[in-house]
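Take a look at the structure set out below.
Heads up: numbering here begins at 1 and tracks the sequence.
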Amino acid sequence: MFVLVEMVDTVRIPPWNFQRQLNDAIAEELNKKLANKVVYNVGLCICLYDITKLDDSYIFPGDGASHTKVHFRYVVFHPFLDEILVGKIKYCSQEGVHVTMGFFDDILIPPESLQQPAKFDEAEQVWLWEYETDEGAHDLYMDQGEEIRFRVTDEVFVDTSPTGPAAAATDTPAQPGQSTAPPAEGSGEKKEPPYTLIGTICEPGLGLLSWWNN
């Protein structure tokens with residue numbers, strides 16, 4: 001679930017932190033920059049583990065801060081494929097069951113990976129499992145807050161780095177009085193998370209059976 005990742009970065013220490021121990025100042029700056037951030041194709045950064053090497057520090061003209069190349073190891077949340085994790089249902093939608101682990105919310109179990117047969121209740125906005133017994137089928141709801149065990153089957157990284165303005169659709173000169181500003185993005189546009197885990201429910205994935213048997 002958690003791994004140690006070796007990283008290298010140049011850390012800028014402002015002059016008002018020169019009185020502090022260099023390692024402490026660098027650790028604070030690295031955690032400010034990386035903690036709770038997703039690094040593309042690496043995972044969700046949690047906290048600094050240790051600093052393995054410090055190169056010489058430099059002060060450049062026009063900048064009173066010091067710049068130090070740092071080699072360090074960082075604790076990263078990056079489960080391996082087929083790893084079994086435990087979370088809680090955050091909410092359900094047509095896309096599937098959305099799961100949270102408290103510190104990480106972008107986990108999706110798509111409909112085809114739910115216990116079958118399953119269907120989505122539009123009125124309650126929850127998925128339910130039509131559990132077959134000797135007495136017939138019973139609808140077991142996947143309620144918000146229910147603990148769930150799931151297996152990681154895939155991961156999706158999305159590069160959310162800023163991009164330049166979109167190129168104009170045509171080279172036609174603007175007419176008098178016509179705005180040349182790019183069209184505003186739709187306020188309802190869905191923002192993609194930078195890191196998403198895709199999972200499948202493990203048997204017995206939910207606490208529903210124990211609830212039913214009680």
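Here the side chains of Leu197 and Pro79 are in contact, with some heavy-atom distance below 4.5 Å. For the pair Val152/Ile198, no side-chain contact is recorded, criterion being any heavy-atom separation below 4.5 Å from C-beta on. Between Leu85 and Glu83 there is a side-chain heavy-atom pair separated by less than 4.5 Å. In this structure the side chain of Ile13 never reaches within 4.5 angstrom of the side chain of Ser57, judged on heavy atoms. Residues Phe72 and Glu6 fail the side-chain proximity criterion, which asks for heavy atoms closer than 4.5 Å. Side-chain atoms of Val126 and Met142, non-hydrogen and from C-beta on, never get closer than 4.5 Å to each other. Within the 4.5 Å cutoff, side-chain heavy atoms of Val38 are placed close to those of Phe157. By the 4.5 Å heavy-atom criterion applied to side chains, Glu192 and Thr160 are not counted as neighbours.
Using bins of under 30°, 30° to 60° and over 60° for the plane-to-plane angle, the ring pair Phe103/Phe77 lands in the perpendicular bin.
Residues Met101 and Ile84 fall into different hydrophobic clusters, defined by Ile, Leu, Val, Met, Phe, Trp and Tyr side chains chained together at heavy-atom separations under 4.5 Å. The hydrophobic cluster containing Val97 does not contain Val86, counting ILVMFWY residues as joined when their side-chain heavy atoms lie under 4.5 angstrom apart, directly or transitively. Both Phe2 and Leu44 belong to a common hydrophobic cluster when Ile, Leu, Val, Met, Phe, Trp and Tyr are linked at side-chain heavy-atom distances under 4.5 angstrom. In the hydrophobic clustering of this structure, Ile107 does not group with Val76; members are Ile, Leu, Val, Met, Phe, Trp, Tyr whose side-chain heavy atoms approach within less than 4.5 Å, directly or through other members.
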Inset, instruction - Show the numbers, then the answer: is there a side-chain contact (heavy atoms from CB on, under 4.5 Å) between Lys53 and Lys69? - result: CA-CA 9 Å; Lys53 181 183 177 182; Lys69 186 176 181 179; over 6 Å; no
Inset, instruction - Starting from the C-alpha separation in whole Å, work towards a yes-or-no answer on side-chain contact (heavy atoms from CB on, under 4.5 Å) for Thr10 and Val70. - result: CA-CA 6 Å; Thr10 299; Val70 184; over 6 Å; no
Inset, instruction - Would you please test His78 and Val42 for side-chain contact (heavy atoms from CB on, under 4.5 Å) and show each step? - result: CA-CA 7 Å; His78 190 177; Val42 174; 5.7 Å; no
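Put simply, the residue from Asp9, Asp50, Asn31 that forms a side-chain hydrogen bond (donor to acceptor under 3.5 Å, both in side chains) with Tyr74 is Asn31.
Interatomic distance, CD1 of Ile148 versus CG of Leu114, reported as 7.5 Å (0.5 Å rounding).
In this structure a side-chain-to-backbone donor-acceptor pair under 3.5 Å is present from Ser93 to Glu95. Checking side-chain atoms of Thr52 against main-chain N and O of His71 turns up a donor-acceptor pair under 3.5 Å.
The minimum heavy-atom distance between Ile51 and Leu54, with the atom names listed, is CG2-CD2, 3.8 Å. The two residues Glu29 and Pro14 make their nearest non-hydrogen contact at OE2-CD, 4.3 Å.
Among residue pairs with one or both ends in residues 13-65, those qualifying as ring-ring contact (aromatic ring centres under 6.0 Å, His included) are Phe60-His67; sequence neighbours excluded.
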